[in-house]
Amino acid sequence: MDIFVQQVVSGLATGGIYGSLALALVMIYQATDVVNYAQGEMAMFSTYLAWTLINAGLPYWVAFAATLAIAFVGGLAIERVVIRPVENAPVLTIVIVCIGLLVILNSVAGWVYSYIQKPFPSPFPEKPIRIGNVFFGAHDLGALGVTLVVLLSLYVFFRYTTLGLAMRAAAQNPVSSRLCGIRVGWMLAVGWGLAALVGAVAGMMVAPVVFLDPNMMGGILIYAFASATLGGFTSPGGAVLGGLIVGVIENLVGTYVRFIGTELKLTVALAVILVVLIVKPSGLFGRAAVHRV
Amino acid sequence: MALLEVAGLEAQYGWTKVLHGLSFAVDVGGITTILGANGAGKTTTLRAVCGMVKTAGEVRFDGHRIAGRATEDIVRLGIAHVPEGRGTFMQLTVEENLRLGAYARASRGTLAGDLRRVFEYFPVLGDRQRQIAGSLSGGEQQMLAVARALMLRPRLLLLDEPSLGLAPLVVREIFRIVRTINREERVGVLLVEQNAAMALDLADHAYLLETGRVVMSGPAETLRKDDAIRRSYLGY
Ligand SMILES: Nc1ncnc2c1ncn2[C@@H]1O[C@H](COP(=O)(O)OP(=O)(O)OP(=O)(O)O)[C@@H](O)[C@H]1O
Ligand SMILES: [Mg+2]
């Protein structure tokens, strides 16, 4: 039972990271119908920046906050400079631009920081935390807490602020939004900025576990895709929940199903998703796309 | 004095020109209607005024040139557009739709007061405040579109076939509200309508459009009495 609870909590911690990245994907997908394949590399790059700041002697949380700000501005700038020119191009063109971005960020990180793995600090104590009779990894609990705070802030932002409302409007109905005086282009840019910010949090929370290297987000992005698909690409909340579910399933399967172990757990997670999609193609929480005929 | 003054207005979609040099005006506190058959270019005219299509020619609002400016900036000057097809934000609530209508307004302070005001005009919307707009009936969505435009506290209201698909009673109600707003708040109105009888009743000036050209214009009174108009557009 103790092991079960431990594994669930640690599954939720990684799941929160998958969910954050999945949310970043969904935010951009809803606004622009584009899957940003570079989302993982943007997160990786932000994490390297955090590493640089921490190594320069900044306290962890100062570096953390600064990284969020830089990631936001960076994401915004990427939309304005790289995505905007191809905004009205066919989706395939934009996908290729995103993949180009992925390759560029990856190589620049490799060139600047080398491909050798680096340890990345956790802001949480190394000593496990005891709750009742069960010990939990402090980083697991902390990462889960940080993720939840970020997600909750985003929810409040989109739900209760005028800017958040304008961003939702711009994503849904750009023409009407313009008629309301909303600068749709800027709303998309802010969306990219926020997605980059969420990705940066995911990167900084996962780096102490997987270590820092230019390819660190590759596998995680696949889990994020799986989470977004599971939750439904049209539902931000669904993407987060999808991430938590994938994280927990992955951990439990790895722990309890002996022959699967760590090598096959990704396969199992993906198989579960496949089953969900066969039963409900729009994902657990997504709306089925309605096409006029 | 003219609130909106348009001269030699041309507009095109891609390579196809659909407006060939229109000239018309809306007086301060006036109501102008543009009539015309399907495809005459009425919707395009309204789009051209708020910079939603490629245009050439002169558009002056309150004496300032606005042709070529971005839609978002034109809206900020106080031009509210109730577009063809209503432009509802389907997945947002009625209240959120209305808040978006006030987005470009300089003073946000009086939001609650403005909500109350449009709910007085359209009590149905007040009852459905928290409902998702996509679940409203067609007529309710048309009311929402007008209400959303009013939230801007516009100086000029562009209305694209507000009567489309509505029951006669609802149409009369909407026209009555437009007249009230026009009289009490001196909001200029540019109305595009298929329902020529009601439009000519409401308007002081009228223009008849045929394939992107003005073929007749004058006081609404005069056009109402014109035989050709009577036969083709009023049906008696
Ligand atoms: N998006 C578009 N792309 C290309 N051509 C268009 C577009 N919208 C309208 N047109 C063309 O422009 C012309 C004028 O259209 P417009 O919509 O302004 O007519 P309308 O007077 O509003 O008609 P209705 O009464 O049917 O609404 C038509 O010939 C139409 O086919
Ligand atoms: Mg039309």
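Letters go in sequence order (proteins before strands), and every chain restarts at 1.
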Over all atoms of both residues, closest heavy-atom pair of B/Val75 and A/Arg178: CG2-O, 3.7 Å
Point-to-point distance, once rounded to the nearest 0.5 Å, from OG of A/Ser177 to CZ of B/Phe89: 4.0 Å
B/Leu100 to A/Ala166 - nearest heavy-atom pair and separation: CD2-CA, 4.1 Å
Minimum side-chain heavy-atom gap A/Leu179-B/Met52 below 4.5 Å: yes
salt_bridge(A/Arg183, B/Asp73) N-O dist < 4.0 Å: yes
Nearest-0.5 Å distance, OG of residue A/Ser176 to CE of residue B/Met90: 9.0 Å
Interchain contact, B/Met151 with chain A, by part (heavy-atom threshold 4.5 Å): neither
B/Leu92 CG to A/Arg168 CZ distance, which is reported to the nearest 0.5 Å: 5.5 Å
Interface moiety of B/Leu152 toward chain A, non-hydrogen atoms closer than 4.5 Å: neither
4.5 Å side-chain heavy-atom contact, B/Arg99 and A/Leu165: yes
Close side-chain approach of A/Arg159 to B/Glu96, heavy-atom, < 4.5 Å: yes
Distance (rounded to the nearest 0.5 Å) between A/Cys180 SG and B/Arg76 CZ: 10.5 Å
